[in-house]
K.L.:
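One structure follows; several queries about it will come next.
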Amino acid sequence: MRLDHLSYAAGPDGLEATAQRIGHLLGRHFVDGGIHPRFGTRNRILPMADNTYLEVVEALDHPASDKAPFGQAVKARSALGGGWLGWVVAVDDITVVEQRLGRAAVKGNRHRPDGTELLWKQIGVNGTISDPQLPFFVQWDSPAEMHPSAGADATFSLACLEIAGDPQRVSEWLGETVEAPLEDIKVEWVAPHGTPGILAAQVQTPGGLVRI
């Protein structure tokens, strides 16, 4: 179990403008990640060190974005002005999570602009919707060399996550201590009685630490 990526929902100015704004802060361009046809969304990504990446995502005007939980989550967050949607944990065997949560994972796929297709399974998005401090889970079915973090500039890395929430609650959701997927990343737990979710991420860049 490890941290896989962070998702940020596009604001009212749209995917391109949101990705450009964050990319300008970081001094690095986001690349076109393609469309998620099953979820009615599309994204732009920034590969980072340690097999992680940042994702800026927006919902498409497509029936899938109204039906799929991930599309619903993106649409709802964008309607509130955009911002951090959640964090995502990668697991080797998602059947363990399926058994614990008592439901089946759904298949995900994304078509990159070059025509290649990424495949994975995911589960727990409804948990993230109801309690945004909780991550959802993915198991990548595509080979490791196709992971969205491939080709990352190692000088860009996630240094710290600021999460409003209760680490005990998150540990219960994960089925193990919250430190397990976040062992190499500093986490600041703040406002345990406020609105839960990611408040900010601190990214180490060649120009210093940047808080988003």
Side-chain angles (χ1 to χ4, degrees), residues 2-23 26 28-79 82-95 97-98 103-129 135-153 156 158 201:
R2 63 171 185 82
L3 178 67
D4 190 74
H5 66 278
L6 305 180
S7 286
Y8 190 99
D13 50 352
L15 178 66
E16 297 297 329
T18 303
Q20 286 179 9
R21 174 170 52 82
I22 297 175
L26 296 173
R28 188 77 172 180
H29 291 296
F30 281 70
V31 298
D32 188 354
I35 292 174
H36 312 95
R38 295 175 185 267
F39 306 143
T41 56
R42 63 175 180 155
N43 69 359
R44 295 186 72 84
I45 63 169
L46 177 65
M48 296 194 300
D50 303 318
N51 296 313
T52 62
Y53 65 99
L54 295 181
E55 165 191 66
V56 179
V57 62
E58 78 171 354
L60 301 170
D61 184 13
H62 188 279
S65 65
D66 293 320
K67 295 178 181 178
F70 185 72
Q72 294 172 3
V74 174
K75 185 172 285 189
R77 190 69 180 91
S78 290
W84 289 111
L85 182 67
W87 53 297
V88 185
V89 171
V91 296
D92 294 327
D93 183 4
I94 207 162
T95 62
V97 185
E98 289 178 319
R103 54 183 180 272
V106 298
K107 292 182 179 180
N109 66 313
R110 171 156 62 81
H111 296 281
R112 287 174 165 167
D114 65 2
T116 59
E117 184 180 28
L118 287 178
L119 301 171
W120 69 91
K121 299 182 185 74
Q122 67 185 49
I123 191 172
V125 175
N126 282 324
T128 302
I129 292 173
F136 64 93
F137 304 86
V138 298
Q139 176 188 314
W140 289 96
D141 293 330
S142 293
E145 59 267 23
M146 290 179 64
H147 187 267
S149 66
D153 182 338
F156 290 81
L158 185 62

K.L.:
Is the backbone N or O of Gly33 less than 3.5 Å from a side-chain atom of Arg44, with the two atoms forming a donor-acceptor pair by type?
P.N.:
no
K.L.:
For residues Ala64 and Pro37, report the shortest heavy-atom separation together with the two atoms involved.
P.N.:
CB-O, 3.7 Å
K.L.:
Minimum heavy-atom separation for Pro69 and Ile129, please, with both atom names.
P.N.:
O-CD1, 3.5 Å
K.L.:
Test of understanding: with side-chain contact (heavy atoms from CB on, under 4.5 Å), list the residues that count as partners of Val31, not counting sequence neighbours.
P.N.:
Ile45
K.L.:
To the nearest 0.5 Å, tell me how far Arg110 CZ sits from Met146 CE.
P.N.:
9.5 Å
K.L.:
Mind checking the OG1-NZ spacing from Thr41 to Lys75? Nearest 0.5 Å is all I need.
P.N.:
11.0 Å
K.L.:
Measure across Thr128 and Leu85 and return the closest heavy-atom pair with its distance rounded to 0.1 Å.
P.N.:
CG2-O, 3.9 Å
K.L.:
Rounded to the nearest 0.5 Å, how far apart are CG of Asp66 and CG of Leu60?
P.N.:
11.0 Å
K.L.:
Using ring-ring contact (aromatic ring centres under 6.0 Å, His included) as the criterion, list what pairs up with Trp84, not counting sequence neighbours.
P.N.:
Tyr8
K.L.:
Look only at the side chain of Ser142 and the backbone of Leu119, and say whether a donor-acceptor pair between them is shorter than 3.5 Å.
P.N.:
yes
K.L.:
I need the Glu16 CD to Glu58 CD distance, nearest 0.5 Å.
P.N.:
8.0 Å
K.L.:
Rounded to the nearest 0.5 Å, how far apart are CD of Gln139 and CG of Asp92?
P.N.:
7.5 Å
K.L.:
Holding to side-chain contact (heavy atoms from CB on, under 4.5 Å), I want the full list of residues that pass it with Asp114, two or more places apart in sequence or in another chain.
P.N.:
Arg112, Thr116
K.L.:
Which residue in the set Phe136, Trp140, Phe137 passes ring-ring contact (aromatic ring centres under 6.0 Å, His included) when paired with Trp120?
P.N.:
Trp140
K.L.:
Specify the closest pair of heavy atoms between Leu118 and Pro148, including all atoms of both residues, with the distance to one decimal.
P.N.:
CD1-CG, 3.9 Å
K.L.:
Taking atom CG as the centre, does Asp93 end up with more than 12 heavy-atom neighbours from other residues, nucleotides or ligands that are less than 6.0 angstrom away?
P.N.:
yes
K.L.:
Name all residues meeting the side-chain hydrogen bond (donor to acceptor under 3.5 Å, both in side chains) criterion together with Lys121; count only those two or more places apart in sequence or in a different chain, and write none if there are none.
P.N.:
Asp141
K.L.:
Measuring from Arg103:CZ to Glu98:CD, what's the distance to the nearest 0.5 Å?
P.N.:
10.5 Å
K.L.:
For residues 46-54, which side-chain donor-acceptor pairs fall under 3.5 Å, sequence neighbours excluded?
P.N.:
{"residue": "Thr52", "atom": "OG1", "partner": "Ala49", "partner atom": "O", "Å": "2.8"}
{"residue": "Tyr53", "atom": "OH", "partner": "His5", "partner atom": "ND1", "Å": "3.2"}

K.L.:
For residues His111 and Glu117, report the shortest heavy-atom separation together with the two atoms involved.
P.N.:
CE1-OE2, 3.4 Å
K.L.:
Take Phe70 and Val106 through the test side-chain contact (heavy atoms from CB on, under 4.5 Å) and record every step on the way to the result.
P.N.:
CA-CA 11 Å; Phe70 185 72; Val106 298; over 6 Å; no
K.L.:
Looking at Ile22, Leu15, Thr18, which one forms a side-chain contact (heavy atoms from CB on, under 4.5 Å) with Phe30?
P.N.:
Ile22
K.L.:
Tell me every residue that passes side-chain contact (heavy atoms from CB on, under 4.5 Å) with Pro113, counting only those two or more places apart in sequence or in another chain.
P.N.:
Asp32
